[in-house]
K.L.:
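Pasting in a structure now, in C-alpha cells, and then I'll have a few things to ask.
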Amino acid sequence: MRALVWITLLFLYLCNSSCTLDKLPENEGDLIHIPFEQISYNLVIPESLQPVEIPASNPLTQDGVELGRHLFFDPILSVDSTLSCSSCHDPKLAFTDGEMTSEGVTGERGIRSSMSLINSVYFNTGMFWDGRSPSLEDQALLPIEDPKELNDDWENVEAKMRRSSFYPEMFRKAFGIDDRKEITRQLAAKALAQYQRTLLVGNSKFDRFSRNEIFLEEDERIGFQMFFDSSALFPDAECAHCHPPPLFTTNEYINNGIEPISDLSEFEDKGRGEVSGNSFDNGKFRVTSLRNIELSAPYMHDGRFETLEEVLDHYDLGGSGLINEDELITPLDLTEEQKQQIIAFLKTLTDTSYYENEHFFSPFE
Amino acid sequence: MNKVSALFALISSLILFSCGDKEKYRDVELNVLGMVGSEHLVIGNSFDFDAGTAIITKSDFYISDIQLIADDGSTHDALDIGFVDISLTHDKLESSKIGNTLNLSAVPVGNYKQLKISIGVPADLNSTIPSDYPNSNPLSRSSHYWSAWSSYIFQKIQGKYDADNDGVLETDFFYHTGSEALYETLSFDINFEVADEQGNQLKLEVDHRAILGEGTNYLDLEKNPGQHDISDLEQLQKMTGNLQLSMKVIQ
C-alpha cells in the first residue's frame, strides 16, 4: 500500500515536471498582460551613514528589490537546489556563514571566508577580499558557476527561472520583459544587486552615542579612546586609521600583517597581488567594515581568528614586518584589560534591530 | 527666394558674430606625476635618502583652490577640491609615467602667468565630515578624516627606511598632516597658453625625496618616524614647509 502511494507520487512528480517543461509557454509576449509600472524603492538611509549612489543603469524599484530578495534566498540558483546565496550569507550572522571558509554544494571549500553584505552599497573599490569584481551586478554572476559555491551553470538556472510558477511574473514586474524567454542572468544579477543595496544597517549604540543620545559604559569609552587615539591617557591602538567611521573601513587594500612570512613571494593566497599582477600587492586584502563585527566570526579573509580576542592579540604584537605591511601595524603594548576595552567598544558597533525587519529575511518562510 | 537667403545670411552672420565675441573655454589637464628627483616614483622601489635607503608605500594628498592667473591679472577658479592618489597610480613604472590626471574644466582660452594650488582641505570644507558626502565626492574618503583633530587628513606619506644601508628597512615612517595650521598654498610662475583646441596640459611633478627634505629641512625618519599628532607639529610643519620646493610645473 505504502509502496503504491510512493509510486503514484513519483509518477505524478515526474509527470508534473515533464509537463511543465513540455507546456512551457514559449509564445512571444506571454507576459504582456501583467502590468509593469516601475515604482522606485524608498531607501531609508540611517542618519549616520553617507548618501547613497545607485547606478543609473540599475535603479532601485520595489519589484526589482523584491525579486532580488527571492533569488537571494532561493536554492533554485544551485545545481542540486540545496544552497542559496543565504546559505553562506545568513542574515542573522550579518550575512556571513560563521565558518572559517565556506562550503559549496559539492562539500568542497573555497579558500576564503564569507563576507558581510551589510552596507555593501558603499563598497566602491571592488567586491571580494581582493576586489576582483567591479560591482554588485558583476559579482552576482559569479557564485552560480563557481564549483566551490553553487556549481550550476547559468543556462540551466535561466531555464529553471523561466519555468518557475512565479519568477516570470516577477521579472516582468521588475524589468518589463514581454515574455519569459527574456529572463536572463544579467537581469537576475541586477535584481540581486538591487536587493543587496538595500541592506543598510547603522543605528548601533556607537551611533546613538555619536548623536549624544546615550553614554557609553566606562570600558567602552576607554576602548573608544584607544580606537580613535583621542586621549593621551591611553595607548593609541591605531585602529581608526584603517577602520574609520561611518563604515569602519576605508575600503583600501592593505597588508595588516597577519601572515608570519618574510618574503612577498611566500603568500599562498596573494589577494590583491593576484588581481593587480604586482608583487608589492601580495597579501593585501580589503579592509572590511567593523559594523556588526560581533556577529561575523571567524575573522580575516581566511577566517584564521576565531574570536575578537585573537584579533586583538594579533594587532597588539604588531605584525611580521614584511616590506609591504602597513606602517600603522606596530606593537601596541596593550594590557589584557585594554584589549577587552577595545573589544567592548567594537561591540557597540552591533545593531541587530534589522532582525525585526522581515525584508532582511527569506520571503519563503 | 532671394529674400529668404538674405535673411538666412543675416541670421547666420549674427550667430557667427555673437559666438566670435564670446569667451571661449577649454579643458586643461593637470597631470600629477610622483617623482624621486628626476626619476619616476614607483611604490615599493628603493631610493637613496639622506645616508640610507627609503621606499614609499603610500602617498596621496588633497589639492584645492586651484587657480590660474591670466596675463591680464584676472583669476580663474579652476577646481575647488580634488584628491591625488599617487599610491594607486604609481604601482608600476609604466603607470607612474602616466600619473594622475585632474581635469580643470572650462578654462577661458588665453595666456596665463601663474598657477596657484593648495595642499589640504580649505577651512569651509574642513568643517564637514566624510559621511556628508556620497562616494563619488573626494571628501567622502573616511580614510582621510581624523576625528581626534576634527580635520581631514590633508596628506599622507608612508614608507620604510634603512638608515645604515644594511639591506633591512628597519624603520617604518608615516606622516599624516591635517588641520588649518598645515594648509599650504603654493604658487608657480608659468607661461602657459590655453589654446582653443583639445589637449591643453600642465604637468605637476612631486618630488618625494624633496618632501622628506634634503639637507636643511629633512625629516628625521629614524628618530621621528611616526607623526599624526597635531599637538606636536614640528615634523609635519617641516613636511608642509618642503612642499613648495618639492613641486614643479612643467609645461
K.L.:
Which value, rounded to the nearest 0.5 Å, describes the distance between B:Q158 atom CD and A:L328 atom CG?
P.N.:
5.0 Å

K.L.:
Which heavy-atom pair separates B:D132 from A:P51 by the least distance, and what is that distance?
P.N.:
O-CG, 3.7 Å

K.L.:
Identify which part of A:S279 has an atom lying under 4.5 Å from any heavy atom of chain B, answering side chain, backbone, both or neither.
P.N.:
neither

K.L.:
Please state whether the side chain, the backbone, both or neither of B:T171 comes within less than 4.5 Å of a heavy atom of chain A.
P.N.:
neither

K.L.:
Check this for me: A:E213, atom CD, are more than 12 non-hydrogen atoms of other residues, nucleotides or ligands nearer than 6.0 Å?
P.N.:
yes

K.L.:
Taking NZ in B:K92 as the centre, count heavy atoms belonging to other residues, nucleotides or ligands within less than 6.0 Å. Is the count above 12?
P.N.:
yes

K.L.:
Tell me, for B:L88 versus chain A, whether the close heavy atoms (under 4.5 Å) come from the side chain, the backbone, both or neither.
P.N.:
neither

K.L.:
Heavy-atom distances under 4.5 Å only: say whether A:L264 touches chain B with side chain, backbone, both or neither.
P.N.:
neither

K.L.:
Pick one of side chain, backbone, both or neither for B:S142, based on which atoms fall under 4.5 Å of a heavy atom in chain A.
P.N.:
both

K.L.:
How about B:D164: does its CG atom have over 12 heavy atoms from other parts shown lying under 6.0 Å from it?
P.N.:
yes

K.L.:
Test of understanding: with side chain to side chain contact (heavy atoms under 4.5 Å, CB included), list the residues that count as partners of A:A240, not counting sequence neighbours.
P.N.:
A:F227, A:F228, B:W146

K.L.:
Show the numbers, then the answer: is there a side chain to side chain contact (heavy atoms under 4.5 Å, CB included) between A:I323 and B:L169?
P.N.:
CA-CA 8 Å; A:I323 187 166; B:L169 293 154; 3.6 Å; yes

K.L.:
Indicate the atoms forming the closest heavy-atom contact of B:A148 with A:D229, along with that distance.
P.N.:
CB-O, 3.8 Å

K.L.:
On a heavy-atom basis, which atom in B:D172 and which in A:I329 lie closest, and how many Å separate them?
P.N.:
OD2-O, 4.5 Å

K.L.:
Heavy-atom distance under 4.5 Å to chain B: side chain of A:S48, backbone, both or neither?
P.N.:
backbone

K.L.:
Write out, in numerical order, the residues from residues 38-45 of chain B with a heavy atom short of 4.5 Å from a heavy atom in chain A.
P.N.:
B:I43, B:G44

K.L.:
Compare all side-chain heavy atoms of A:F123 with those of B:N135 and state whether any distance is below 4.5 angstrom.
P.N.:
no

K.L.:
With a 4.5 Å limit on heavy-atom distance, are the side chains of B:S131 and A:P245 in contact?
P.N.:
no

K.L.:
So which residue, A:Q50, A:Q225, A:E325, A:E327, ends up with the most heavy-atom pairs under 4.5 Å with chain B?
P.N.:
A:E327

K.L.:
Are more than 12 heavy atoms from other residues, nucleotides or ligands located less than 6.0 Å from atom CD of B:E170?
P.N.:
yes

K.L.:
Measure the spacing between NZ of B:K160 and CG of A:L322 and express it to the nearest 0.5 Å.
P.N.:
8.0 Å

K.L.:
Check whether A:L49 gets within reach of chain B through its side chain, its backbone, both or neither, counting any heavy atom under 4.5 Å.
P.N.:
backbone

K.L.:
Less than 4.5 Å to any heavy atom of chain A: does that hold for the side chain of B:D91, its backbone, both, or neither?
P.N.:
both

K.L.:
Evaluate the criterion side chain to side chain contact (heavy atoms under 4.5 Å, CB included) for residue pair A:E252 and B:K58; output intermediate values, then yes/no.
P.N.:
CA-CA 12 Å; A:E252 292 170 307; B:K58 179 176 267 184; 3.3 Å; yes

